[in-house]
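Here is the structure we will look at.
When a ligand or atom number is given, it counts from 1 through the structure's own listing order. All heavy atoms count here, side chains included; hydrogens, waters and symmetry mates do not.
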Amino acid sequence: MSRELRNALSCFATGVTVITTHHGGQDFGLTCSSFNSVSLEPAIVLWSINSASSSKKPILESGGYTVSVLAAEHAELAMKFCRDSHEERFRGVGIHRAPSGRAIIEGAVAWFDCDLNGVVAAGDHDILLGKVNHFHSQQGEGLVFERSRFGRVGEVA
Ligand SMILES: Cc1cc2nc3c(=O)[nH]c(=O)nc-3n(C[C@H](O)[C@H](O)[C@H](O)COP(=O)(O)O)c2cc1C
C-alpha cells in the first residue's frame, strides 16, 4: 500500500525548495517538495516535515524558516540537501542571508522568509505554517520534480 501510494502521489508534479533555519549558531537545511501557498492576505505558506527529521527541532526552537525555490540547474544541490550532515550540505554552496539571517540558496528563483505560525500534527509528518515577512522573486526557470525525476517545464501550454 505504502509503495503504491507513494508511486501514485509522485505523479503530482511539484517545484523543489530548500528550506533553511539557523539555530545555535548553525545553518540547517533540507530539500522539500511539499511547499505550497495558503493565504495571500495575510501571506501564509506551508510545507510538511517528516516527524523524524533532524531539522524539526531547530526549526521549532528558532521559530522560523526560509524557503528557497530552486532553479532548473539545482538538481544536484537538491540531492545534496537530503544527504550528508547539515554542515556538509552547505559546503561549497553559494548563499546569501535573508533579513532573518537564515540562508538563501544562490540562484534561487524565489525566496520566502517566514515566522513559524502554526504546527499541525498529521500522521508521520507535521505541517509547518509560516507567516511570510519578506520575499523576493527573479527571472529564471524553476526545478520540477515528478515521478522521482527532476526536470524543467519545457513548454507552458
Ligand atoms: C525532491 C525531494 C523532496 C522532498 N520533500 C520533502 C518534504 O516535503 N518534507 C520532508 O520532510 N522531507 C522531504 N524530502 C526528504 C528530505 O530532504 C530528507 O529526508 C532529508 O534528509 C531530511 O533531512 P533532516 O532529517 O536532516 O532534516 C525530500 C527529498 C527530495 C529529494
Side-chain angles (χ1 to χ4, degrees), residues 2-39 44-95 98 100-132 135 140-154:
S2 176
R3 178 195 274 227
E4 284 158 22
L5 178 60
R6 193 188 284 254
N7 284 345
L9 289 169
S10 76
C11 298
F12 181 62
T14 66
V16 186
T17 68
V18 162
I19 299 195
T20 61
T21 199
H22 194 81
H23 187 53
Q26 200 196 326
D27 287 312
F28 296 83
L30 78 160
T31 303
C32 162
S33 59
S34 57
F35 171 71
N36 223 316
S37 57
V38 178
S39 162
I44 295 173
V45 296
L46 65 69
W47 61 290
S48 60
I49 188 167
N50 189 314
S51 312
S53 166
S54 69
S55 306
K56 184 178 153 183
K57 194 165 174 248
I59 290 171
L60 295 187
E61 288 184 358
S62 68
Y65 58 78
T66 299
V67 181
S68 293
V69 180
L70 298 186
E73 45 281 351
H74 278 148
E76 212 171 289
L77 185 140
M79 290 317 294
K80 188 174 167 66
F81 273 80
C82 69
R83 296 198 199 108
D84 305 336
S85 65
H86 286 273
E87 206 171 45
E88 204 54 45
R89 290 176 193 181
F90 286 94
R91 202 182 300 279
V93 174
I95 59 160
S100 63
R102 292 183 288 260
I104 295 169
I105 303 296
E106 201 75 59
V109 293
W111 56 262
F112 304 88
D113 201 20
C114 307
D115 281 342
L116 184 63
N117 114 315
V119 181
V120 181
D124 54 15
H125 279 60
D126 293 287
I127 298 166
L128 302 184
L129 291 155
K131 181 184 164 295
V132 179
F135 66 93
E141 225 183 322
L143 182 63
V144 174
F145 191 61
E146 190 229 1
R147 293 178 195 260
S148 308
R149 294 168 314 185
F150 292 108
R152 54 175 74 210
V153 178

### Task
Could you please provide the protein residues found below 4.0 Å of ligand 1 on a heavy-atom basis, arranged by chain and number?
L30, T31, C32, S33, S34, S48, I49, N50, S53, S54, S55, F81, C82, H86, R89, F145
### Query
For E61, which residues count as a side chain to side chain donor-acceptor pair (under 3.5 Å) partner, sequence neighbours excluded?
H23
### Query
Rounded to the nearest 0.5 Å, how far apart are NZ of K131 and OG of S39?
11.0 Å
### Verdict with supporting geometry, H22 and S100, side chain to side chain contact (heavy atoms under 4.5 Å, CB included)
CA-CA 9 Å; H22 194 81; S100 63; over 6 Å; no
Extract all donor-acceptor atom pairs below 3.5 Å that involve side chains of residues 9-19 and protein atoms in other chains or at least two apart in sequence.
{"from": "S10", "atom 1": "OG", "to": "N7", "atom 2": "O", "distance (Å)": "2.7"}
{"from": "T17", "atom 1": "OG1", "to": "C32", "atom 2": "O", "distance (Å)": "2.8"}

## Note on the structure
Quick note, ring-ring contact (aromatic ring centres under 6.0 Å, His included) partners involving residues 45-81, not counting sequence neighbours, are W47-Y65, F81-F90
### Query
Crowded around F150 CZ? As in, over 12 foreign heavy atoms under 6.0 Å?
yes
